[in-house]
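Here's the structure, in C-alpha cells; my notes come after.
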2 protein chains.
Amino acid sequence: MIDPRLHVLRVLAEVGTLTAAAHRLGYTPSAVSHQLKSLSKDLGVRIVEPRGRGLILTRAGEVLLERSQELFTRWEEIRGELDGLDSGSDIRSRRLRLCGFSTAAATLLPPTASAVKELFPGAEVTIIEAEPEECFDLLVAEHADVAVVVATDPLPPRGDTRFEQAALFSDRLDLLVPAGHRLARRAAVTLSEAAEESWILDRAGSPYHRLVRTACAAAGFQPEQAHQSREWETGAALVSAGLGVALIPRLARLPDGFDVVRVPLRGDPVPSRKILTGIRSGSGSQPIIASALKVLESVSTELAQPE
Amino acid sequence: MIDPRLHVLRVLAEVGTLTAAAHRLGYTPSAVSHQLKSLSKDLGVRIVEPRGRGLILTRAGEVLLERSQELFTRWEEIRGELDGLDSGSDIRSRRLRLCGFSTAAATLLPPTASAVKELFPGAEVTIIEAEPEECFDLLVAEHADVAVVVATDPLPPRGDTRFEQAALFSDRLDLLVPAGHRLARRAAVTLSEAAEESWILDRAGSPYHRLVRTACAAAGFQPEQAHQSREWETGAALVSAGLGVALIPRLARLPDGFDVVRVPLRGDPVPSRKILTGIRSGSGSQPIIASALKVLESVSTELAQPE
DNA sequence: TCGATCATGCAACAGTATTGCACGATTCGG
DNA sequence: CCGAATCGTGCAATACTGTTGCATGATCGA
C-alpha cells in the first residue's frame, strides 16, 4: 500500500551495500539499483550517495525513512480498523501468518494456529519457520504477521519503530547430563555446580553460544567448550555419549532414545532465555493479530507451567 | 507513493458508478473493476457492493477512504520536508505544474511561472489549462500541483480534506457595452443601471451563467437573456454588434478590434467573481509550491490593482 | 416487456519491472 | 605498490503485472 521501494531503501540503510540489500530482499543488485533510482527521480531528491564502494543515505534519505515509518504504522492501524468492522464478510476470510525460530515453530505455533482457527472460523493460518533475524524481514515484507523470536539474538532491532515487540515468557534452561551423571538424580541444581564439566555449545558467535556464556558468567565461571553442536538433537547425542553436558531450553523437545536427563536449574535469576513477540507497528489493531498474541501468551504459560 | 487504487475508490464513491469513474480517470470500466477487486482482495475486506446497477461503498470502504486521506496528507508533508533540505542537488531539479481555467491560464499563470523559474533556477514549470472541476482531478492524480479556479464553480469540493483551498483575490466584473452606448462614457455604473438591457450570457446551467444571474439578483433584477456565448471573444463580438451588453471579468483580456467599452461597476458588494487556489493537502510544505502560491498572490494583486 | 445501462469475466495486448551481463570505480591484502 | 575481489551502474532481453476490448448476465426505467 505504501510504496515498497521504501522497504528497499530501509534495508539498504541497514546493510550499507546495494548488493547485500538485494540479496536479502531476493532481488538482483540491478533491480535494487533501478528501484532506488526511480524513487529518487519521483521525489526529485537524491536519497543515496556513494561512500567507498557502498552506498549511504543522504540526509534526505534518512529523513524520508524516518518520517515514512509513520505512514506504515498508520496504515496498519487502518487495516485493523477495517478488519474490525467488516463483520462476517468472507471475501477471502482472514489470513494469519506466524513465523518463528525452529523451536517455537515446532512447539508454540501449532497450538496457537489451531486455537486461532477456532476463534476465526474460515481463517487461513500459516506457520513459517525462519531464523529470528529473517523473521523481521518477513514482517516488513508482509510475508508474516506475527514473529516469535529469542530476545538474545543479534539483530532484534531495539527501539525500531517499525515493530512492536513484547516479552512473551522466559524459557527456562535445563542442564542436560548423561543418564549416569553425578547430577542426574538431583531434583534441581545451580548452574555453578556444573562449572567443572565439559561443555557442549554451539560455535562461538552464535546466539546460543552467547546465551550460555552469559548464563555461566552470571554463575561465576567460564564453561570449557569441549564440542560444538548446532542442533539440540546432536547436542543431546553428544551428551548421551558422555562427552559433556549442555544447556537446553525447557521448550526444546528431544527425540526419544537418548540416554540423557534434564536437570532443572535453580538460581537467581534462574537461567533462561527470553522469548518475545514482534508485529508490525500498528498491526495490533487487527483483531486476528491481537487474538494471536493473546493465544500465544496463554499457550506459552501453559507450556511453561509444568514446572 | 500511497496506493493509487485508493484514488480510484474515491472517485467511485463520488460518481456512484464504476463506468463513470473509469471514464473520469481515463481508464476502461474493466480496469477499474479489476483494481477494486485486487484492492479488496489485498485487504481481505469487501469495500464495494452493488446498489441498483451501480456500486456503493461498504462501511469498510468508507472508513478506508476517510482514514487514508491522512496518509496522503502526511506524505505530501514528507515530500515538502525532503525538498526543503535537499539543498542544491539538481538530480532533476524541481518541477511545478500549474493548472487553471482558461483566463487564469492566459493571464495569471504565465507571469507566475516565470517568477517561480527565477526563484528556482533550473526548475521546470508547466502550465495546464483545464476546467475547474478537472483541475482537482489533476491535483489528486499528481498531474498538477497548484490549481487556480473560480469559486463559483459547481464542484469545488468544500471542506474536502484532500485539498487546501485559499481565496486568491476578487476578480471584479466590468460591464461590456458597445462603443456608442448610453453608458459608454461613464466612469463607473451600478449594475442596476443596466437592468433593462438585453444580455449576453453563457447558456443556462453554466457556472458563468449562474455567476451573472446571482450578481443581477443582488442588484435587484433578472437579466433578459438575448444571446448565448461561451467565450469572452464571441461575447465581445455580439456586444460590439450592438446585440446587447455583457459582464466580463477584469482579468479577461479581449482581443483588439472590437468596438466595445469596459465600464467599471460599483456597488456594495461590487460584482466580482472569487478566484481561489487549491493544492493537495500537506503539499504546501514544498518550498516551490509555497512560493508559487506567494507569487500568485502578488501577481494577482498587481493585475487587479490598476483601477 | 423491451431497451438501455451497468459490472464482470476472459483472452489478447501493452507497458513496466526484473534479469543477466559487461563496464568502470574503489578497496583490501600481500 | 599492484592485483584481485567487491561494488554500483547501464543496456538489451525477458517476465510479469496491469490494461484493453468484447461478450455475458443482471438491473432499472419506460
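Chain letters run A, B, ... following the sequence lines, proteins first, then strands; residues in each count from 1.
- The side chain of B:Y27 places an N or O atom within less than 4.0 Å of a non-bridging phosphate oxygen (OP1 or OP2) of D:dT19.
- Here the side chain of A:A31 is nearest to one of C:dT19, D:dG29, D:dC7, namely C:dT19.
- Across B:E66, B:E76, B:E14, a single residue satisfies salt bridge (charged side-chain N to carboxylate O under 4.0 Å, His left out) together with B:R162, and that is B:E14.
- Heavy atoms of A:T19 sit under 4.0 angstrom from primed sugar atoms or phosphate atoms, though from no base atom.
- In this model, the phosphate group of C:dG9 is approached by a side-chain N or O of B:K37 to a distance below 4.0 Å at OP1 or OP2.
- For B:L18, counting side-chain heavy atoms from C-beta on, the closest listed nucleotide (C:dT8, C:dT27, D:dT9) is C:dT8.
- Look at A:Q35 and you'll find a side-chain N or O under 4.0 angstrom from OP1 or OP2 of C:dT18.
- Among the atoms of the strands shown, base atoms are found under 4.0 Å from some heavy atom of A:S30.
- B:S38 and B:R5 share a donor-acceptor pair across their side chains, judged by distance under 3.5 Å alone.
- A:L39 has its CG atom 17 Å from the P atom of C:dT16, to the nearest Å.
- Distance, B:L36 CG to D:dT19 C1': 14 Å, rounded to whole Å.
- Side-chain nitrogen and oxygen atoms of A:S33 include at least one within less than 4.0 Å of the OP1 or OP2 phosphate oxygen of D:dT9.
- Looking at B:E81 and A:R59, no side-chain N of the basic residue comes within less than 4.0 Å of a carboxylate O on the acidic one, giving no salt bridge.
- As rounded to whole Å, 14 Å separates atom P of D:dG8 from atom NE2 of A:H23.
- If you find the closest nucleotide of DNA chain C to B:L12 and to A:H34, the one lying nearer the 5' end belongs to B:L12.
- Atom CD of A:E49 is separated from atom C1' of D:dT9 by 17 Å (rounded to the nearest Å).
- In this structure, A:Y27 has its ring center at least 6.0 angstrom away from the ring center of A:H34.
- With D:dC7, D:dT9, C:dT19 as the candidates, the nucleotide lying closest to the side chain of A:T17 is D:dC7.
- Toward the 5′ end of DNA chain C lies the nearest nucleotide of B:L55, the other residue of the pair B:L55 and A:V32 mapping further downstream.
- No side-chain donor from either of B:E77 and B:T73 sits under 3.5 Å from a side-chain acceptor of the other.
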